[in-house]
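Throughout, protein chains are lettered first and strands after them, A, B, ... in sequence-line order, and every chain is numbered starting at 1. What you are looking at is a predicted structure, and each value in this text was computed from that prediction instead of being measured.
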Number of protein chains: 2
Amino acid sequence: MGRTTGTTGIDDVARAAGVSASTVSRVMNGRAGVDAALAERVRTAASSLGYRPNPLARSLVLGRTQTIAVVVPDLANPTFQGMLRGVTLAAARDGYRVLVADTSEDAAAEEAIVRETRQRCDAVVLCSPRMASDVLIAAVAALDPVVVINREVPGIPGVSADYRVGIVELLEHLATLGHRRLVYAAGSPSSASDAARRAGLADFALARPDVEVLTVEAGATFGDGAAAASVVVESGATGVVAFNDLVAMGVLASLAAQGIAVPAEVSVVGFDDIPFAAFTTPALTTAAVPVGELGELAWRRLAARFAGEEPEGDVMLRPELRVRASSGPVRTVISPAAGAGAGAGAETGAGRS
Amino acid sequence: MGRTTGTTGIDDVARAAGVSASTVSRVMNGRAGVDAALAERVRTAASSLGYRPNPLARSLVLGRTQTIAVVVPDLANPTFQGMLRGVTLAAARDGYRVLVADTSEDAAAEEAIVRETRQRCDAVVLCSPRMASDVLIAAVAALDPVVVINREVPGIPGVSADYRVGIVELLEHLATLGHRRLVYAAGSPSSASDAARRAGLADFALARPDVEVLTVEAGATFGDGAAAASVVVESGATGVVAFNDLVAMGVLASLAAQGIAVPAEVSVVGFDDIPFAAFTTPALTTAAVPVGELGELAWRRLAARFAGEEPEGDVMLRPELRVRASSGPVRTVISPAAGAGAGAGAETGAGRS
DNA sequence: TTGAAAGCGTTACCAG
DNA sequence: CTGGTAACGCTTTCAA
């Protein structure tokens with residue numbers, strides 16, 4: 001009846017203003033059809049009591065929380081940080097808040113986490129979900145207002161970056177520079193976006209049969225890149241396309257340690273354009289994935305759904321080639337391998353996306 | 001009465017199990033004193049109906065949401081990303097979720113955002129709040145379960161990194177290497193953590209009167225660092241302590257552009273140890289601020305409060321010196337300035353903390 | 001041990 | 001235009 005908790009409730013305001021709770025509610029929600037004088041009295045009472053409608057109670061009766069969940073595999077990954085930021089900023093503009101959940105790359109725990117967080121929200125954004133396709137498809141059905149970033153799910157609209165086209169741009173860039181023997185330092189085979197990249201590799205192979213592209217299994221981290229560098233050297237390739245910028249940085253570091261000049265002897269390109277890609281030595285040529293936009297777009301889909309609009313089709317954002325100093329024309333042929341050169345083993349919270 | 005929304009509610013389960021809602025509630029909450037057979041029947045009914053207690057309704061009646069808010073000035077800043085991650089992971093372990101809010105460095109809007117998000121949660125973590133001290137003090141009182149990171153607020157327990165001690169470690173490191181003329185590329189005067197650093201500068205001045213430390217107003221970004229580099233060169237200093245890693249990276253880039261060798265001619269050290277500090281060229285010596293731990297600690301304070309424990313005093317985490325390749329012994333004296341060398345102007349979402 | 005009923009703080013429907 | 005009165009979905013006394 002009002003004074004149960006320390007908070008001032010709608011009844012307190014109603015009493016102070018000498019009206020009913022209904023009227024206070026109407027005034028607080030700006031609903032038309034309230035006598036101006038009364039409304040003013042209510043507003044005065046409300047502000048003098050410092051009344052703030054309890055969002056929880058509103059949510060319960062309204063059936064919406066004004067909150068959406070964003071689930072990411074790893075908050076330390078720049079890619080997901082960017083998506084989270086994009087969603088958060090866009091949602092905030094429309095008065096929505098974001099509940100964030102980090103699944104710690106645990107594909108098995110993912111579904112439970114998603115369901116749990118979804119229950120407290122009006123919708124959920126799944127960033128590069130790791131769960132198996134069948135699980136994902138089933139889960140998504142129960143999540144309804146949901147948008148998936150960077151993973152195709154039949155039936156539900158998704159927003160993704162076009163990794164397939166992006167890698168082709170990178171390959172073409174190197175081919176144009178005269179490279180004819182390249183290596184792709186691949187990511188995890190279980191990565192959906194790596195599959196897209198490999199599809200791009202195939203596209204490219206058809207279009208440019210004169211360019212040879214070897215694939216070496218690397219991974220998604222700096223250490224993986226460093227480890228893969230030796231294979232690159234042995235292969236005699238003049239250019240390497242890394243799964244992502246982190247891997248590229250690992251390659252860069254290992255190459256530098258072996259005294260191999262970039263891009264004079266070997267060109268190195270990454271993928272993603274993480275915030276620090278511009279600051280490596282040499283600055284990294286890469287394909288920029290507009291993670292912020294992906295997040296923003298994800299929000300727009302949700303906002304549209306909330307507004308009762310029909311779901312649109314999938315959106316594919318094309319990565320943008322950013323040519324920097326790490327790639328250049330073919331000059332010399334590197335000398336056939338010397339050592340096994342492992343390189344640094346640093347670990348940074350980033351990786352697959 | 002149950003079937004209003006499409007969701008299955010407690011009444012549906014009760015009906016299916018042939019018991020009352022009270023019993024279902026008791027079973028779902030594992031409250032003792034329910035007939036084993038009945039309990040089993042309830043559990044069966046619940047799972048077969050896919051029943052999930054509505055967290056909102058529980059929150060309303062229980063008075064707790066199992067959610068805390070984390071408010072940061074800028075989600076693009078690695079420092080805050082780290083704190084957010086620390087809080088999120090720690091809270092998740094205890095079954096709490098995190099609502100995130102980005103104030104976009106808007107000191108004026110901060111208070112409203114904080115109040116708003118706080119209302120939906122059980123507590124709030126303020127990361128390096130930008131609002132004026134008096135506003136902060138007043139706000140914090142109304143927020144109650146609250147912990148502030150990296151900013152002192154009389155009366156409420158805070159967790160911070162000891163920027164004052166950290167910068168002294170950096171200065172001592174350079175002094176030990178033989179440097180006698182240093183410059184501090186300062187951050188924004190309005191930054192609380194920069195004030196702490198300047199206090200450290202004063203401490204150091206007293207302890208090492210033989211070392212000269214000039215202060216040049218720089219800023220918190222890569223561009224600020226690049227711009228400040230020329231002043232450093234002109235000053236004839238052999239070492240520069242940057243406000244943070246980003247500024248240090250800017251200095252590094254500008255120095256490299258001018259052909260000044262690091263650390264042979266000038267040593268450069270940063271602050272924070274952001275994830276990429278280890279990957280600059282040369283790798284950056286810095287003082288590591290344990291942002292993840294700060295976040296985790298913030299959660300612990302909150303968890304303790306929830307458990308009814310008394311608030312402890314402030315916690316100060318000491319930054320850890322990370323010596324890498326960008327700092328070295330004094331060798332040569334740099335030649336008195338040549339050009340104004342501005343340098344890159346890249347912008348990265350990072351900065352004050 | 002179990003159930004009925006009274007809220008938790010709002011909003012919305014329906015009379016007046 | 002305003003005020004009762006039901007919900008929203010759940011937990012928790014209070015009786016039985």
Side-chain angles (χ1 to χ4, degrees), chain A residues 1-43 45-46 49-67 116 118-122, chain B residues 1-43 45-46 49-67 116 118-122:
Chain A
M1 190 159 260
R3 204 229 321 64
T4 312
T5 50
T7 338
T8 61
I10 197 171
D11 286 322
D12 299 300
V13 179
R15 210 170 304 121
V19 298
S20 75
S22 315
T23 299
V24 176
S25 174
R26 282 190 275 257
V27 173
M28 296 306 290
N29 293 294
R31 236 169 262 332
V34 179
D35 181 86
L38 257 197
E40 196 43 43
R41 228 163 69 208
V42 170
R43 264 186 288 271
L49 289 178
Y51 170 65
R52 316 272 300 168
N54 181 328
L56 239 54
R58 300 195 72 228
S59 295
L60 186 59
V61 63
L62 258 17
R64 57 187 164 73
T65 60
Q66 212 78 335
T67 302
E116 213 278 319
R118 171 63 183 83
Q119 260 207 308
R120 313 179 167 279
C121 301
D122 300 339
Chain B
M1 193 161 259
R3 205 234 317 60
T4 310
T5 52
T7 339
T8 60
I10 197 171
D11 287 321
D12 299 301
V13 180
R15 210 170 305 121
V19 299
S20 76
S22 318
T23 299
V24 176
S25 174
R26 283 190 272 257
V27 173
M28 296 306 290
N29 293 295
R31 238 168 261 332
V34 180
D35 181 86
L38 257 196
E40 195 43 41
R41 229 162 69 208
V42 170
R43 263 185 289 271
L49 289 177
Y51 171 64
R52 315 273 300 168
N54 181 328
L56 238 57
R58 301 195 71 228
S59 293
L60 186 59
V61 61
L62 258 16
R64 56 188 164 73
T65 60
Q66 213 78 334
T67 302
E116 212 278 319
R118 171 63 183 85
Q119 257 207 311
R120 311 178 169 280
C121 302
D122 300 339

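- Here the P atom of nucleotide dA6(D) and the CD1 atom of I10(A) are 18 Å apart, to the nearest Å.
- Per the geometry, OH belonging to Y51(A) stands 10 Å off P belonging to dG9(C), to the nearest Å.
- The distance from atom CD of Q66(A) to atom P of dT11(C) is 12 Å, rounded to the nearest whole Å.
- Between R58(B) and dC10(D), a side-chain N or O to OP1/OP2 separation shorter than 4.0 Å is absent.
- The CG atom of N29(B) sits 13 Å away from the P atom of dT13(D) (whole-angstrom rounding).
- A close approach under 4.0 Å does not occur between any side-chain nitrogen or oxygen of N54(A) and OP1 or OP2 of dC8(C).
- In this structure, L60(B) atom CG and dT12(D) atom P are separated by 13 Å, rounded to whole Å.
- Here the closest heavy-atom approach between residue R120(A) and residue P55(B) is recorded as NH1-CB, 3.7 Å.
- For the atom pair T7(A) OG1 and L49(A) CG, the distance stands at 12.5 Å (nearest 0.5 Å).
- OP1 or OP2 of dC10(D) has not a single side-chain nitrogen or oxygen of R26(B) nearer than 4.0 Å.
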With side chain to side chain contact (heavy atoms under 4.5 Å, CB included) as the criterion, how do V24(A) and V19(A) come out once you've worked through the C-alpha distance, each side chain's angles and the decisive distance to 0.1 Å? CA-CA 7 Å; V24(A) 176; V19(A) 298; 3.8 Å; yes

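- One interatomic measurement links the two molecules: CG of D11(B) to C1' of dG3(C), which rounds to 13 Å at whole-angstrom precision.
- Using a distance-only test at 3.5 Å, with no hydrogens or angles considered, a donor-acceptor pair links the side chain of R118(A) to the main chain of C121(A).
- Using a 4.0 Å heavy-atom distance criterion, R31(B) is classed as a sugar-phosphate-only contact.
- Listed pair T23(B) / dG3(C) meets the phosphate criterion, a side-chain N or O lying under 4.0 Å from OP1 or OP2.
- Rounded to a whole Å, the CZ atom of R15(A) is 12 Å from the P atom of dT10(C).
- Comparing dT2(D), dC10(D), dT2(C) by their closest approach to the side chain of L38(B) singles out dT2(C).
- Proximity of S25(B) to the phosphate of dC10(D): no side-chain N or O atom is located under 4.0 Å from OP1 or OP2.
- No N or O donor and acceptor, one from the side chain of R52(A) and one from the base of dG9(C), sit under 3.5 Å apart.
- Nucleic acid contact for V19(A): sugar-phosphate only, since backbone atoms but no base atoms lie under 4.0 Å from a heavy atom of the residue.
- Minimum atom distance to the side chain of S22(B) is reached by dA4(C), of the listed dC10(D), dA4(C), dT2(C).
- Proximity of a side-chain donor or acceptor of R41(A) to a complementary backbone N or O of A17(A) within less than 3.5 Å is detected.
- L62(B) has its CG atom 17 Å from the P atom of dG9(D), to the nearest Å.
- If you check every strand for non-hydrogen atoms under 4.0 Å, V34(A) touches sugar and phosphate atoms only.
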